[in-house]
Amino acid sequence: QVQLVESGGGLVQAGGSLRLSCVVSGSIYRINAMNWYRQAPGKQRELVAAVSSGGSTNYADSVKGRFTISRNNMKNTVNLQMNSLKPEDTAVYYCSADVRVRITTGSVAYWGQGTQVTVSS
């Protein structure tokens, strides 16, 4: 089975930084897109950043210029460097990956358990 484990969340003051990491393990033939989502209390889950297998990136407007997504294809990891954090960044952050487990089938989205990020004023 494919598993994703996030780490790096915590409590920081506004203006501070955090680096989230996610490791994908299990039966993997190929990982296509890797993504970071977040969900704040009372709000809908939103896509924060995405990176393709080729390294192309996309960001939500609210985090552009502050967050950077990167991946290491040899280690099956994806990271999210978060700088200049704001209280509105407070949320549970989820890692997801589109994983192809066999050469004969397409990719399926898998999700981590989430890691809490809290930014104080």
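The first residue in the sequence is number 1, and the count goes up from there. Side chains included, hydrogens not; waters and symmetry mates left out as well; all remaining heavy atoms used.
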Considering all heavy atoms of both residues, which atom of [X] and which atom of [Y] are nearest to each other, and what is their separation?
X	Y	answer
Pro87	Ser121	CG-OG, 3.7 Å
Gln116	Val92	OE1-CG2, 3.3 Å
Val101	Tyr110	CG1-OH, 4.0 Å
Ala50	Asn35	CB-OD1, 3.1 Å
Ala49	Tyr59	CB-CD2, 3.6 Å
Tyr94	Gly112	CD2-O, 3.7 Å

Under 6.0 Å from the CD atom of Gln3, do we count more than 12 heavy atoms belonging to anything else shown?
-> no

Is it true that [X] and [Y] fall in one hydrophobic cluster, defined by side-chain heavy atoms closer than 4.5 Å?
X	Y	answer
Tyr37	Val119	no
Val23	Val51	no
Leu4	Leu80	yes
Trp111	Leu47	yes

Mind telling me whether Tyr93 and Phe67 have parallel, tilted or perpendicular rings, with 30° and 60° as the class edges?
->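 Ring orientation, 0 to 90° scale: tilted.
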
Testing Leu11, Leu85, Asp89 for side-chain contact (heavy atoms from CB on, under 4.5 Å) with Thr118, which one passes?
-> Leu11

Can you check whether Arg30's main-chain N or O pairs, donor with acceptor, with Arg100's side chain at less than 3.5 Å?
-> no

Are side-chain heavy atoms of [X] and [Y] found at a separation under 4.5 Å?
X	Y	answer
Met34	Val24	yes
Trp36	Cys95	yes
Arg102	Tyr29	no
Val108	Val2	no
Ile31	Asn73	no
Arg38	Ser62	yes

Enter the distance from [X]:[atom1] to [Y]:[atom2] here, rounded to the nearest 0.5 Å.
X	Y	atom1	atom2	answer
Cys22	Glu6	SG	CD	5.0 Å
Asn79	Ser7	CG	OG	8.5 Å
Gln44	Gln39	CD	CD	8.0 Å
Thr77	Arg71	OG1	CZ	9.0 Å
Ser21	Gln81	OG	CD	9.0 Å
Arg19	Met82	CZ	CE	11.0 Å

Contacts of Lys64 meeting salt bridge (charged side-chain N to carboxylate O under 4.0 Å, His left out) (sequence neighbours excluded), chain-then-number -> Asp61

Scan side-chain atoms only and decide if Ser17 and Asn83 contain a donor-acceptor pair under the 3.5 Å cut-off.
-> yes

